[in-house]
Participant: 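Before we start, here is the structure in question, set down as structure tokens.
Both ligands and their constituent atoms are indexed starting at 1 by order of listing.
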Amino acid sequence: MRILVLGSGAREHAIILALRSEDAEHAIFAAPGNAGIASDAHLVDLDPNDPEAVTAFAGLEAIDLVVIGPEAPLVAGVADALRVRGIPVFGPGKAAAQLEGSKTFAKRVMDAAGVPTGRAVRAVDSAAVAAALDEFGAPYVVKADGLASGKGVIVTSDRAAAVGHAAAFLASGAVLVEEFLDGPEVSLFFLSDGDTVRPLSPAQDYKRLLDGDEGPNTGGMGAYSPLPWLAERFGGEDEFVDLVTREIAEPVIRQLDSEGTPFIGLLYAGLILTDTGVKVIEFNARFGDPETQVVLPRLVDPLSQLLLAAASGTLESFPRPAFADATAVAVVLASEGYPVAPVTGYRLDGTDDAAEVDDVHLAHAATARTDGGLVTTGGRVLSVVALGTTFREARDRAYEAIELIELTGGQYRTDIAARVVEA
Ligand code: AMP
Ligand code: GLY
């Protein structure tokens, strides 16, 4: 198959590695990609957010399937343009992508579909913010209404910090003040062809920068999959996945279809398991990063077939995707100053040694190759991904490997999957 993957993160590298391991014969193109992706795909000098440019390239190169990694091309209407030309694309159109791009849109759809989520108030000025903060009480949750790469949310007991966060986003739009939801978080992905929904395996993401879930929210500092502790609460992972499919994913996909905005692509449900049931914190319209890095290596079925089936409306003929029992742990290496002001352009050494640790591979994000070797180009530099038969094994391998990488000022959490090992 001839496949074009849009994006440049570790998520896109993970997608490409999954496609490669399933069939070494695929012709894979990536735009813009990164230094790691360059070893596994042909890099294309193309603006992934330009619908005309992407469509022209896909036509010229007889691409069979376009896979959209990040949210920006979705919001820019790249999937719409490809669909008009009859090119199969995994990723929703602009209208359905609002499920991620607009928290207000997502809340309305959930409401209409009867899907459980936190109560929220949309505020456009500081007086409305203050009133909503007082109504819900501490801890306070304030979210930017639009896209903010995972950095638009604050959860704090400090009222002044909540007010300050709101003020920063009110200048350019609205904010949502939300009820605080308490409980463990789970990321669960669904493939959707607009009608049929197929779940993948759940993962846990670590959103905060520092060990012990301290520090600011980030795009994600690590992940593991599967989640053995779901068995205690739900009887098993399958029971949990069935419940969320039935009560959350299917109603939302049906609702969007009935509104004339079918969702074709990846529905990412960010969930909190509260004492009063599973609730949605957010939806994303794309694969999660770093969760994808731990979910896809466990996928048994060919990814290209599943994505093509979703893109072409034939997902119904596929059973639920199967996953290996293997454990997977991803630890993200981030630049100094991330997430506030990442310092970039530093040398990155030791990646070859890291990748030689048993059952370890690297998913590159912000890397570029220069004559002198690899250099960093952004906040989250790469994910070290390790597989094992137990979480202890996978975790030990991931940390053995990341310690071999040299990056001045590099940051990573040391407690990824620690609790699941203890348990
Ligand atoms: P979001 O961008 O909506 O996924 O929010 C980022 C993170 O903030 C989530 O993963 C949660 O850890 C936290 N968060 C968001 N909304 C809530 C909420 N209503 N209650 C508690 N934590 C929340
Ligand atoms: N890991 C969080 C996200 O992809 O949004």
Side-chain angles (χ1 to χ4, degrees), residues 7 9-12 14-15 68-72 74 97 99-107 110 116-121 132-133 135-157 161-162 165 169 175-189 200 202-210 212-225 266-276 278-296 330-332 334 339 363 365 379-380 383 413 416:
R11 162 185 53 209
E12 288 75 22
I15 291 169
I68 301 183
E71 58 268 45
L74 303 173
L99 201 58
E100 168 165 3
S102 162
K103 305 248 183 217
T104 308
F105 179 89
K107 287 286 184 196
M110 282 190 265
T117 184
R119 286 179 302 133
V121 170
L133 291 175
E135 182 193 334
F136 291 129
Y140 304 104
V141 181
V142 178
K143 305 183 173 186
D145 191 24
L147 289 175
S149 304
K151 292 159 212 158
V153 178
I154 194 171
V155 180
T156 179
S157 295
H165 184 82
F169 287 100
V175 299
L176 242 64
V177 179
E178 199 171 288
E179 159 193 23
F180 176 76
L181 300 173
D182 197 17
E185 288 182 42
V186 173
S187 301
L188 185 55
F189 300 160
L200 301 184
Q204 179 143 77
D205 178 19
Y206 289 74
K207 290 238 163 68
R208 301 283 189 138
L209 179 69
L210 305 174
D213 294 328
E214 302 285 340
N217 263 323
T218 69
M221 294 298 291
Y224 69 87
S225 176
L266 193 116
L267 177 69
Y268 165 144
L271 307 165
I272 288 201
L273 315 186
T274 73
D275 289 342
T276 55
V278 181
K279 295 192 178 168
V280 175
I281 331 169
E282 63 162 350
F283 284 120
N284 293 315
R286 45 153 184 96
F287 280 102
D289 187 338
E291 296 97 315
T292 301
Q293 290 91 298
V294 290
V295 170
L296 291 187
V331 182
V332 171
R380 290 192 294 173
S383 294
R413 283 183 61 154
I416 305 302

Participant: Ignoring hydrogens and angles, tell me if any N or O in the side chain of R11 forms a donor-acceptor pair with the backbone of R286 under 3.5 Å.
Facilitator: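 Such a contact is absent between R11 side chain and R286 backbone.
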
Participant: Going by the order shown, which atoms of ligand 1 are within less than 4.0 Å of some heavy atom of E185?
Facilitator: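 Counting from 1, the qualifying ligand atoms are 9 (C), 10 (O), 11 (C), 12 (O).
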
Participant: Can you find a non-hydrogen atom of G220 under 4.0 Å from ligand 2?
Facilitator: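 Contact absent.
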
Participant: Taking distance alone, with no angle check, do D205 and ligand 2 share an N/O pair under 3.5 Å?
Facilitator: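 D205 vs ligand 2: N/O contact under 3.5 Å present.
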
Participant: Which distance, rounded to the nearest 0.5 Å, do you find between the CD1 of I154 and the CZ of F169?
Facilitator: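 Interatomic distance, I154 CD1 to F169 CZ, rounded to 0.5 Å: 9.5 Å.
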
Participant: If you count the atoms of ligand 2 from 1 in the order shown, which ones are under 4.0 Å from a heavy atom of N284?
Facilitator: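 Near N284, meaning under 4.0 Å from one of its heavy atoms, ligand 2 has 5 (O).
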
Participant: Could you tell me whether the side chain of D145 and the main chain of T104 form a donor-acceptor pair under 3.5 Å?
Facilitator: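 A pair under 3.5 Å: yes.
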
Participant: Heavy atoms only: which of V153, V142, D205 lies closest to atom 6 (C) of ligand 1?
Facilitator: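 When every heavy atom of V153, V142, D205 is considered, V153 comes closest to atom 6 (C) of ligand 1.
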
Participant: Looking at E282, which atoms of ligand 1 are within less than 4.0 Å of one of its heavy atoms?
Facilitator: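 Those qualifying, in numeric order: 1 (P), 2 (O), 3 (O), 4 (O).
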
Participant: Below 4.0 angstrom from a heavy atom of R286, which ligand 2 atoms are there? Numbered from 1 as shown, please.
Facilitator: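 Counting from 1, the qualifying ligand atoms are 3 (C), 4 (O), 5 (O).
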
Participant: May I ask you to test the V142-L133 pair for a side-chain heavy-atom distance under 4.5 Å?
Facilitator: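 In contact.
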
Participant: Where's the contact between V155 and ligand 1, heavy-atom distance under 4.0 Å: side chain, backbone, both or neither?
Facilitator: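 Within the 4.0 Å criterion, V155 contacts ligand 1 through side-chain atoms alone.
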
Participant: Output yes when the distance from some N or O of ligand 2 to some N or O of K207 is under 3.5 Å, and no in every other case.
Facilitator: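 K207 vs ligand 2: no N/O contact under 3.5 Å.
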
Participant: Is a side-chain donor or acceptor of H165 paired with a backbone partner of G152 at a separation under 3.5 angstrom?
Facilitator: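 Yes: the side chain of H165 pairs with the backbone of G152.
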
Participant: With a cut-off of 4.0 Å, which atoms of ligand 1 are near a heavy atom of F180?
Facilitator: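 Those atoms are 20 (N), 21 (C).
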
Participant: Which ligand 1 atoms does E178 reach within 4.0 Å, using its non-hydrogen atoms?
Facilitator: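 Within the 4.0 Å cut-off of E178, ligand 1 contributes 16 (N), 18 (C), 19 (N).
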
Participant: Any heavy atom of K103 sitting closer than 4.0 Å to ligand 1?
Facilitator: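 K103: in contact with ligand 1 (<4.0 Å).
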
Participant: Say whether, by atom type as modelled, one donor and one acceptor occur between the side chain of S225 and the main chain of P202 under 3.5 angstrom.
Facilitator: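 Between the backbone of P202 and the side chain of S225 there is a qualifying donor-acceptor contact (under 3.5 Å).
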
Participant: Relative to the heavy atoms of G219, which atoms of ligand 2 are at a distance of less than 4.0 Å?
Facilitator: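 Under 4.0 Å from G219, ligand 2 has these atoms: 1 (N), 2 (C).
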
Participant: Check whether any side-chain heavy atom of V153 sits under 4.5 Å from a side-chain heavy atom of K207, and report yes or no.
Facilitator: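 No, side chains not in contact.
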
Participant: Please check this pair: side chain of K107 against backbone of R119, looking for a donor-acceptor N/O pair closer than 3.5 Å.
Facilitator: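 No; judged by distance alone, with no hydrogens or angles, the pair does not exist.
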
Participant: Between D182 and ligand 1, which part of the residue brings a heavy atom under 4.0 Å of the ligand: side chain, backbone, both or neither?
Facilitator: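 D182 to ligand 1: no contact under 4.0 Å from either part.
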
Participant: Tell me the contacting part of K143 for ligand 1: side chain, backbone, both, or neither, using a 4.0 Å heavy-atom threshold, strictly below.
Facilitator: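 Side chain only.
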
Participant: Please could you name the atoms of ligand 2 that G288 approaches to less than 4.0 Å, counting only its heavy atoms?
Facilitator: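 Selected atoms, number and element: 4 (O).
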
Participant: Do N217 and R208 come within less than 4.5 Å of each other through their side chains, counting heavy atoms only?
Facilitator: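 Sidechains of R208 and N217: in contact.
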
Participant: Should the pair Y206 and Y224 be assigned to parallel (<30°), tilted (30 to 60°) or perpendicular (>60°) ring geometry?
Facilitator: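 Correct class here is tilted.
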
Participant: Where on R11 is there a heavy atom closer than 4.0 Å to ligand 2, on the side chain, on the backbone, on both, or on neither?
Facilitator: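 R11 to ligand 2: no contact under 4.0 Å from either part.
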
Participant: Under 4.0 Å from a heavy atom of I281: which atoms of ligand 1 are those, numbered in the order shown and with their elements?
Facilitator: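 Near I281, the atoms of ligand 1 are 14 (N), 15 (C), 16 (N), 17 (C).
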
Participant: Is the closest heavy atom of Y268 to ligand 2 under 4.0 Å?
Facilitator: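 A heavy atom of Y268 does come that close to ligand 2.
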
